[in-house]
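Some notes on the structure that comes next.
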2 protein chains.
Amino acid sequence: MRASSVDQIIIETLSKEHAHLTSAQVYEKIRERLPAVNLSTVYRALERLVTSGSVSVSDMGTGSAVYEILADGRHHHLVCQKCGQVLTIEDNEVRELFSKIQENNHFHVLTNHLILFGICAACQKDS
Amino acid sequence: MRASSVDQIIIETLSKEHAHLTSAQVYEKIRERLPAVNLSTVYRALERLVTSGSVSVSDMGTGSAVYEILADGRHHHLVCQKCGQVLTIEDNEVRELFSKIQENNHFHVLTNHLILFGICAACQKDS
DNA sequence: AACCAAAACGCAAATCTTTGCAATTGCAAC
DNA sequence: GTTGCAATTGCAAAGATTTGCGTTTTGGTT
Ligand SMILES: [Zn+2]
Ligand SMILES: [Zn+2]
Ligand SMILES: [Zn+2]
Ligand SMILES: [Zn+2]
(Lines give C-alpha, C1' and ligand atoms only; values in the text may rest on other atoms or scores of the structure.)
(Ligands and ions follow the chains in the order given, each with its own letter.)
Protein backbone atom coordinates (compact mmCIF):
# COMPACT_ATOMS: atom_id res chain seq x y z
CA MET A 1 0.00 0.00 0.00
CA ARG A 2 1.22 3.44 -0.93
CA ALA A 3 1.00 6.43 1.38
CA SER A 4 -2.18 7.85 -0.10
CA SER A 5 -2.97 11.35 1.02
CA VAL A 6 -6.66 10.50 1.24
CA ASP A 7 -5.93 7.54 3.52
CA GLN A 8 -3.94 9.78 5.82
CA ILE A 9 -6.58 12.50 5.96
CA ILE A 10 -9.28 9.94 6.72
CA ILE A 11 -7.20 8.53 9.57
CA GLU A 12 -6.68 12.01 10.98
CA THR A 13 -10.34 12.90 10.60
CA LEU A 14 -11.69 9.75 12.21
CA SER A 15 -9.10 10.00 14.97
CA LYS A 16 -10.26 13.48 15.79
CA GLU A 17 -13.98 12.75 15.57
CA HIS A 18 -14.11 9.62 17.74
CA ALA A 19 -17.50 8.77 16.25
CA HIS A 20 -19.37 6.69 13.73
CA LEU A 21 -19.26 8.64 10.46
CA THR A 22 -21.05 7.77 7.25
CA SER A 23 -19.18 7.79 3.95
CA ALA A 24 -20.94 11.06 3.10
CA GLN A 25 -19.74 12.63 6.35
CA VAL A 26 -16.20 11.44 5.75
CA TYR A 27 -16.42 12.78 2.21
CA GLU A 28 -17.44 16.23 3.45
CA LYS A 29 -14.60 16.30 5.96
CA ILE A 30 -12.04 15.25 3.35
CA ARG A 31 -13.26 17.95 0.97
CA GLU A 32 -12.34 20.60 3.48
CA ARG A 33 -8.72 19.74 2.72
CA LEU A 34 -9.01 18.15 -0.75
CA PRO A 35 -11.92 20.00 -2.38
CA ALA A 36 -11.68 18.12 -5.69
CA VAL A 37 -11.56 14.59 -4.30
CA ASN A 38 -13.96 12.10 -5.81
CA LEU A 39 -16.45 10.14 -3.70
CA SER A 40 -15.34 6.81 -5.13
CA THR A 41 -11.79 7.61 -4.08
CA VAL A 42 -13.05 8.05 -0.53
CA TYR A 43 -14.88 4.72 -0.72
CA ARG A 44 -11.74 3.01 -1.96
CA ALA A 45 -9.60 4.61 0.72
CA LEU A 46 -12.08 3.56 3.40
CA GLU A 47 -12.03 0.03 2.02
CA ARG A 48 -8.23 -0.05 2.24
CA LEU A 49 -8.30 1.17 5.83
CA VAL A 50 -10.92 -1.40 6.81
CA THR A 51 -8.90 -4.19 5.20
CA SER A 52 -5.75 -3.06 6.96
CA GLY A 53 -7.60 -3.11 10.28
CA SER A 54 -7.26 0.53 11.26
CA VAL A 55 -10.91 1.41 10.66
CA SER A 56 -14.15 -0.51 11.28
CA VAL A 57 -17.19 -0.46 9.03
CA SER A 58 -20.62 -1.45 10.31
CA ASP A 59 -24.25 -1.46 9.34
CA MET A 60 -26.02 -0.04 12.38
CA GLY A 61 -29.41 -0.07 10.76
CA THR A 62 -29.37 3.59 9.76
CA GLY A 63 -29.48 3.15 6.01
CA SER A 64 -25.81 3.66 5.36
CA ALA A 65 -22.65 2.11 6.72
CA VAL A 66 -20.65 3.91 9.40
CA TYR A 67 -16.88 4.07 9.80
CA GLU A 68 -14.92 4.47 13.02
CA ILE A 69 -11.26 4.58 13.98
CA LEU A 70 -10.10 1.49 15.86
CA ALA A 71 -7.07 2.94 17.57
CA ASP A 72 -9.07 4.07 20.61
CA GLY A 73 -9.70 0.55 21.81
CA ARG A 74 -12.02 -2.14 20.66
CA HIS A 75 -15.71 -2.04 21.52
CA HIS A 76 -19.07 -3.28 20.25
CA HIS A 77 -22.67 -2.10 20.22
CA LEU A 78 -26.24 -3.12 20.98
CA VAL A 79 -28.78 -1.35 18.79
CA CYS A 80 -32.44 -1.15 19.85
CA GLN A 81 -34.72 -1.83 16.90
CA LYS A 82 -37.58 0.07 18.48
CA CYS A 83 -36.09 3.36 19.68
CA GLY A 84 -32.75 3.27 17.89
CA GLN A 85 -30.74 3.66 21.07
CA VAL A 86 -27.12 2.56 20.77
CA LEU A 87 -25.45 0.92 23.78
CA THR A 88 -21.71 0.30 23.90
CA ILE A 89 -20.23 -2.86 25.36
CA GLU A 90 -16.60 -3.52 26.13
CA ASP A 91 -14.55 -5.93 24.13
CA ASN A 92 -13.99 -8.26 27.08
CA GLU A 93 -17.70 -9.01 27.15
CA VAL A 94 -17.35 -10.54 23.69
CA ARG A 95 -13.76 -11.76 23.68
CA GLU A 96 -14.65 -14.95 25.50
CA LEU A 97 -17.04 -15.98 22.72
CA PHE A 98 -14.46 -15.25 20.06
CA SER A 99 -11.86 -17.30 21.93
CA LYS A 100 -14.22 -20.22 22.15
CA ILE A 101 -15.03 -19.99 18.48
CA GLN A 102 -11.32 -19.85 17.74
CA GLU A 103 -10.79 -23.06 19.75
CA ASN A 104 -13.78 -24.97 18.44
CA ASN A 105 -13.42 -24.07 14.78
CA HIS A 106 -9.77 -23.09 14.35
CA PHE A 107 -11.14 -19.86 12.90
CA HIS A 108 -9.45 -16.57 13.66
CA VAL A 109 -12.20 -13.99 14.19
CA LEU A 110 -11.36 -10.57 12.78
CA THR A 111 -14.73 -8.88 13.35
CA ASN A 112 -13.71 -6.00 15.55
CA HIS A 113 -16.86 -3.90 15.90
CA LEU A 114 -19.79 -6.22 16.44
CA ILE A 115 -23.34 -4.91 16.10
CA LEU A 116 -26.16 -6.84 17.76
CA PHE A 117 -29.77 -5.85 17.23
CA GLY A 118 -32.54 -6.29 19.77
CA ILE A 119 -34.78 -4.47 22.26
CA CYS A 120 -33.44 -2.21 25.01
CA ALA A 121 -34.63 -2.35 28.62
CA ALA A 122 -36.92 0.67 28.31
CA CYS A 123 -38.64 -0.65 25.21
CA GLN A 124 -39.10 -4.07 26.77
CA LYS A 125 -41.12 -2.48 29.56
CA ASP A 126 -43.30 -0.59 27.12
CA SER A 127 -44.56 -3.70 25.41
CA MET B 1 -49.89 -7.87 8.75
CA ARG B 2 -52.10 -9.06 5.97
CA ALA B 3 -51.68 -12.38 4.19
CA SER B 4 -49.89 -11.07 1.14
CA SER B 5 -49.52 -13.61 -1.62
CA VAL B 6 -45.93 -12.50 -2.21
CA ASP B 7 -45.11 -13.08 1.46
CA GLN B 8 -46.52 -16.59 1.23
CA ILE B 9 -44.67 -17.46 -1.95
CA ILE B 10 -41.40 -16.20 -0.49
CA ILE B 11 -41.92 -18.36 2.61
CA GLU B 12 -42.61 -21.39 0.44
CA THR B 13 -39.63 -20.67 -1.79
CA LEU B 14 -37.15 -20.13 1.02
CA SER B 15 -38.51 -23.17 2.86
CA LYS B 16 -37.90 -25.35 -0.15
CA GLU B 17 -34.47 -23.95 -0.97
CA HIS B 18 -32.89 -24.14 2.50
CA ALA B 19 -30.21 -21.72 1.37
CA HIS B 20 -29.01 -18.14 1.42
CA LEU B 21 -30.74 -16.40 -1.50
CA THR B 22 -30.11 -12.87 -2.72
CA SER B 23 -33.02 -10.54 -3.37
CA ALA B 24 -32.45 -11.05 -7.10
CA GLN B 25 -32.66 -14.82 -6.70
CA VAL B 26 -35.84 -14.54 -4.64
CA TYR B 27 -37.23 -12.19 -7.28
CA GLU B 28 -36.58 -14.73 -10.05
CA LYS B 29 -38.24 -17.50 -8.08
CA ILE B 30 -41.28 -15.37 -7.31
CA ARG B 31 -41.66 -14.44 -10.97
CA GLU B 32 -42.11 -18.09 -11.87
CA ARG B 33 -45.50 -17.84 -10.17
CA LEU B 34 -46.17 -14.08 -10.30
CA PRO B 35 -44.54 -12.96 -13.57
CA ALA B 36 -45.60 -9.31 -13.22
CA VAL B 37 -44.43 -8.74 -9.65
CA ASN B 38 -42.28 -5.68 -9.05
CA LEU B 39 -38.82 -5.90 -7.48
CA SER B 40 -39.66 -3.31 -4.85
CA THR B 41 -42.65 -5.39 -3.82
CA VAL B 42 -40.29 -8.29 -3.19
CA TYR B 43 -37.99 -6.05 -1.16
CA ARG B 44 -40.94 -4.88 0.94
CA ALA B 45 -42.21 -8.41 1.45
CA LEU B 46 -38.76 -9.57 2.52
CA GLU B 47 -38.58 -6.66 4.94
CA ARG B 48 -41.91 -7.71 6.49
CA LEU B 49 -40.76 -11.30 6.87
CA VAL B 50 -37.50 -10.22 8.46
CA THR B 51 -39.33 -7.94 10.90
CA SER B 52 -41.75 -10.70 11.81
CA GLY B 53 -38.83 -13.02 12.53
CA SER B 54 -39.54 -15.74 9.98
CA VAL B 55 -36.65 -14.85 7.69
CA SER B 56 -33.11 -13.67 8.36
CA VAL B 57 -31.19 -11.14 6.32
CA SER B 58 -27.41 -10.93 6.41
CA ASP B 59 -24.46 -9.34 4.73
CA MET B 60 -22.05 -12.18 4.12
CA GLY B 61 -19.59 -10.04 2.25
CA THR B 62 -20.75 -11.04 -1.22
CA GLY B 63 -21.94 -7.64 -2.40
CA SER B 64 -25.62 -8.17 -1.76
CA ALA B 65 -27.64 -9.25 1.25
CA VAL B 66 -28.85 -12.85 1.54
CA TYR B 67 -32.14 -14.10 2.95
CA GLU B 68 -32.81 -17.45 4.61
CA ILE B 69 -35.80 -19.14 6.24
CA LEU B 70 -35.48 -19.41 10.01
CA ALA B 71 -37.90 -22.27 10.60
CA ASP B 72 -35.19 -24.91 10.14
CA GLY B 73 -33.43 -24.03 13.36
CA ARG B 74 -31.20 -21.17 14.31
CA HIS B 75 -27.56 -21.11 13.24
CA HIS B 76 -24.74 -18.68 12.55
CA HIS B 77 -21.75 -18.45 10.23
CA LEU B 78 -18.03 -17.81 10.10
CA VAL B 79 -16.91 -16.31 6.79
CA CYS B 80 -13.27 -16.46 5.71
CA GLN B 81 -12.14 -13.18 4.26
CA LYS B 82 -9.36 -14.83 2.25
CA CYS B 83 -10.99 -17.81 0.53
CA GLY B 84 -14.66 -17.00 1.07
CA GLN B 85 -15.39 -20.28 2.81
CA VAL B 86 -18.54 -20.27 4.92
CA LEU B 87 -18.60 -22.34 8.11
CA THR B 88 -21.80 -22.94 10.05
CA ILE B 89 -21.91 -22.90 13.83
CA GLU B 90 -24.76 -24.02 16.04
CA ASP B 91 -26.83 -21.58 18.00
CA ASN B 92 -25.75 -23.02 21.34
CA GLU B 93 -22.21 -21.90 20.62
CA VAL B 94 -23.44 -18.30 20.63
CA ARG B 95 -26.41 -18.40 22.97
CA GLU B 96 -24.24 -18.15 26.06
CA LEU B 97 -22.90 -14.80 24.91
CA PHE B 98 -26.38 -13.52 24.19
CA SER B 99 -27.58 -14.62 27.64
CA LYS B 100 -24.74 -12.83 29.30
CA ILE B 101 -25.42 -9.69 27.31
CA GLN B 102 -29.06 -9.96 28.26
CA GLU B 103 -28.09 -10.15 31.96
CA ASN B 104 -25.46 -7.45 31.94
CA ASN B 105 -27.31 -4.92 29.83
CA HIS B 106 -30.99 -5.85 30.15
CA PHE B 107 -30.98 -5.95 26.38
CA HIS B 108 -32.96 -8.61 24.54
CA VAL B 109 -30.86 -9.74 21.58
CA LEU B 110 -32.86 -10.46 18.44
CA THR B 111 -29.98 -11.06 16.02
CA ASN B 112 -30.73 -14.57 14.88
CA HIS B 113 -28.19 -15.24 12.11
CA LEU B 114 -24.85 -13.86 13.20
CA ILE B 115 -22.05 -13.45 10.67
CA LEU B 116 -18.48 -13.26 11.93
CA PHE B 117 -15.61 -12.53 9.57
CA GLY B 118 -12.09 -13.82 9.94
CA ILE B 119 -9.55 -16.34 8.61
CA CYS B 120 -10.23 -20.07 8.34
CA ALA B 121 -7.79 -22.75 9.48
CA ALA B 122 -6.49 -23.50 5.99
CA CYS B 123 -5.80 -19.87 5.18
CA GLN B 124 -4.05 -19.36 8.53
CA LYS B 125 -1.54 -22.06 7.57
CA ASP B 126 -0.92 -20.49 4.19
CA SER B 127 0.32 -17.23 5.65
C1' DA C 1 -73.93 -5.66 -1.45
C1' DA C 2 -71.84 -1.10 -0.57
C1' DC C 3 -68.33 1.35 2.13
C1' DC C 4 -64.14 2.44 4.45
C1' DA C 5 -59.54 2.41 6.23
C1' DA C 6 -55.39 0.03 6.21
C1' DA C 7 -52.15 -2.71 3.82
C1' DA C 8 -49.95 -3.93 -0.32
C1' DC C 9 -48.57 -2.75 -4.93
C1' DG C 10 -46.35 -0.63 -9.28
C1' DC C 11 -43.58 2.76 -10.95
C1' DA C 12 -40.13 6.06 -11.11
C1' DA C 13 -36.77 8.54 -8.74
C1' DA C 14 -33.51 8.85 -5.09
C1' DT C 15 -29.87 6.99 -2.34
C1' DC C 16 -25.92 4.17 -1.34
C1' DT C 17 -22.02 1.55 -2.97
C1' DT C 18 -19.18 -0.81 -6.35
C1' DT C 19 -16.70 -1.33 -10.62
C1' DG C 20 -14.32 -0.85 -15.39
C1' DC C 21 -11.22 1.80 -17.63
C1' DA C 22 -8.12 5.27 -18.87
C1' DA C 23 -5.10 8.84 -16.92
C1' DT C 24 -2.11 10.27 -13.21
C1' DT C 25 1.06 9.81 -9.50
C1' DG C 26 4.62 8.00 -6.28
C1' DC C 27 8.57 5.00 -5.51
C1' DA C 28 12.39 2.70 -6.54
C1' DA C 29 15.79 0.85 -9.73
C1' DC C 30 18.66 1.96 -13.30
C1' DG D 1 17.17 12.42 -14.12
C1' DT D 2 14.85 8.93 -16.63
C1' DT D 3 12.32 4.69 -16.86
C1' DG D 4 8.98 1.28 -15.37
C1' DC D 5 5.54 -0.55 -12.66
C1' DA D 6 2.06 -0.74 -9.53
C1' DA D 7 -1.00 1.98 -6.58
C1' DT D 8 -4.15 5.66 -6.68
C1' DT D 9 -7.49 8.59 -8.78
C1' DG D 10 -11.50 10.60 -11.62
C1' DC D 11 -15.30 9.72 -14.17
C1' DA D 12 -19.18 7.51 -15.71
C1' DA D 13 -21.90 3.58 -15.52
C1' DA D 14 -23.68 -0.30 -13.16
C1' DG D 15 -25.57 -2.59 -9.23
C1' DA D 16 -28.16 -2.79 -4.80
C1' DT D 17 -31.66 -1.01 -1.94
C1' DT D 18 -34.99 2.42 -0.35
C1' DT D 19 -38.61 5.76 -0.75
C1' DG D 20 -42.55 8.92 -2.30
C1' DC D 21 -46.79 8.78 -4.25
C1' DG D 22 -50.86 7.60 -6.52
C1' DT D 23 -53.60 3.27 -7.35
C1' DT D 24 -55.38 -1.21 -6.27
C1' DT D 25 -56.54 -4.84 -3.23
C1' DT D 26 -58.02 -6.77 1.13
C1' DG D 27 -60.86 -7.58 5.17
C1' DG D 28 -63.98 -5.90 8.21
C1' DT D 29 -68.31 -3.00 9.07
C1' DT D 30 -72.65 -1.11 8.02
ZN1 LIG E 1 -18.46 2.01 17.71
ZN1 LIG F 1 -35.37 0.93 22.80
ZN1 LIG G 1 -27.38 -19.35 7.31
ZN1 LIG H 1 -10.01 -19.37 4.12
Side-chain angles (χ1 to χ4, degrees), chain A residues 1-14 19-68 79 81 84 113 115 117, chain B residues 1-14 19-68 79 81 84 113 115 117:
Chain A
M1 189 179 80
R2 196 150 68 200
S4 153
S5 53
V6 176
D7 292 29
Q8 201 48 48
I9 297 181
I10 291 180
I11 292 277
E12 290 173 24
T13 300
L14 290 180
H20 301 129
L21 297 192
T22 65
S23 57
Q25 291 171 323
V26 172
Y27 179 53
E28 286 310 316
K29 289 286 177 187
I30 302 308
R31 286 213 293 180
E32 292 175 5
R33 292 169 62 181
L34 289 180
V37 76
N38 190 275
L39 178 56
S40 73
T41 297
V42 172
Y43 270 108
R44 283 192 268 233
L46 284 169
E47 184 188 18
R48 279 194 296 270
L49 295 172
V50 168
T51 300
S52 78
S54 44
V55 168
S56 70
V57 57
S58 313
D59 171 10
M60 303 190 62
T62 52
S64 47
V66 292
Y67 299 83
E68 185 176 32
V79 178
Q81 289 182 327
H113 190 248
I115 309 298
F117 295 94
Chain B
M1 187 180 80
R2 196 147 67 196
S4 153
S5 54
V6 176
D7 292 31
Q8 202 49 47
I9 297 181
I10 291 179
I11 292 275
E12 291 172 22
T13 300
L14 290 180
H20 302 129
L21 297 192
T22 65
S23 57
Q25 291 171 321
V26 171
Y27 179 53
E28 287 308 319
K29 289 285 178 186
I30 302 307
R31 285 214 293 179
E32 292 176 5
R33 294 168 60 179
L34 290 179
V37 76
N38 190 277
L39 179 57
S40 74
T41 298
V42 172
Y43 269 108
R44 282 192 267 234
L46 284 169
E47 184 187 19
R48 280 194 297 271
L49 296 172
V50 168
T51 300
S52 78
S54 44
V55 168
S56 69
V57 58
S58 313
D59 171 11
M60 302 189 63
T62 52
S64 47
V66 293
Y67 299 85
E68 185 177 34
V79 178
Q81 288 182 328
H113 190 248
I115 310 297
F117 295 94

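With axes fitted over five pairs at each extremity, the angle between the ends of the helix from C:dA1-D:dT30 to C:dC30-D:dG1 is 20° (10° resolution).
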Between B:Leu34 and B:Val6, is the side chain to side chain contact (heavy atoms under 4.5 Å, CB included) condition met? List the steps.
CA-CA 8 Å; B:Leu34 290 179; B:Val6 176; 3.8 Å; yes

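Closest approach to the A:Ser64 side chain among D:dC11, C:dT17, D:dT9 is made by C:dT17 (side chain taken as heavy atoms from C-beta onward). In the set C:dC11, D:dC11, C:dA8, the nucleotide with an atom closest to the side chain of B:Arg48 is C:dA8. Distances from the side chain of B:Val6 to the nucleotides C:dC9, D:dT9, C:dT17 place C:dC9 closest.
One atom, CG of B:Asp7, and another, P of D:dG27, lie 12 Å apart when rounded to the nearest Å. Here the P atom of nucleotide C:dG20 and the CG atom of A:Asn38 are 16 Å apart, to the nearest Å. Atom CG in A:Leu46 sits about 11 Å away from atom P in D:dT9, given to the nearest Å. Regarding A:Glu47, its CD atom lies at a distance of 12 Å from the P atom of D:dT9, rounded to whole Å. Regarding A:Leu39, its CG atom lies at a distance of 15 Å from the C1' atom of D:dG15, rounded to whole Å.
Contact annotation: the side chain of A:Asp59 never approaches that of A:Ile115 to less than 4.5 Å [non-hydrogen atoms, C-beta and beyond]. For the pair A:Arg31/A:Val37, a side-chain contact is recorded, criterion being any heavy-atom separation below 4.5 Å from C-beta on. A heavy-atom distance below 4.5 Å is found between the side chains of B:Leu14 and B:Val55.
Applying a 4.0 Å cut-off to non-hydrogen atoms, the residues of residues 21-32 of chain B that approach DNA chain D are B:Ser23, listed by residue number.
A search for side chain to side chain donor-acceptor pair (under 3.5 Å) contacts involving A:Thr41 returns nothing, not counting sequence neighbours. Legend: residues meeting side chain to side chain contact (heavy atoms under 4.5 Å, CB included) with A:Glu12, ordered by chain and number and at least two apart, are A:Gln8, A:Arg33. Residues passing the side chain to side chain donor-acceptor pair (under 3.5 Å) test with A:Ser54 are A:Ser52, sequence neighbours excluded. Taking the salt bridge (Lys or Arg N to Asp or Glu O under 4.0 Å) definition, one finds that B:Glu47 meets it with nothing, sequence neighbours left out.
Mapping B:Arg44 and B:Ala65 onto DNA chain D by nearest heavy atom places B:Ala65 at the nucleotide closer to the 5' end. Between B:Val37 and B:Gly63, it is B:Val37 whose nearest contact on DNA chain C lies nearer the 5' terminus.
Contact annotation: B:Tyr43 reaches the phosphate of D:dT17 (side-chain N/O to OP1 or OP2, under 4.0 Å). In terms of phosphate contacts, A:Ser40 brings no side-chain nitrogen or oxygen within less than 4.0 Å of OP1 or OP2 of D:dG10. At C:dG10, one or more side-chain N or O atoms of B:Thr41 fall inside 4.0 Å of OP1 or OP2 (strictly under the cut-off).
Contact record, B:Asn38 with B:Tyr27: C-CE1, 4.0 Å, taken as the closest heavy-atom pair.
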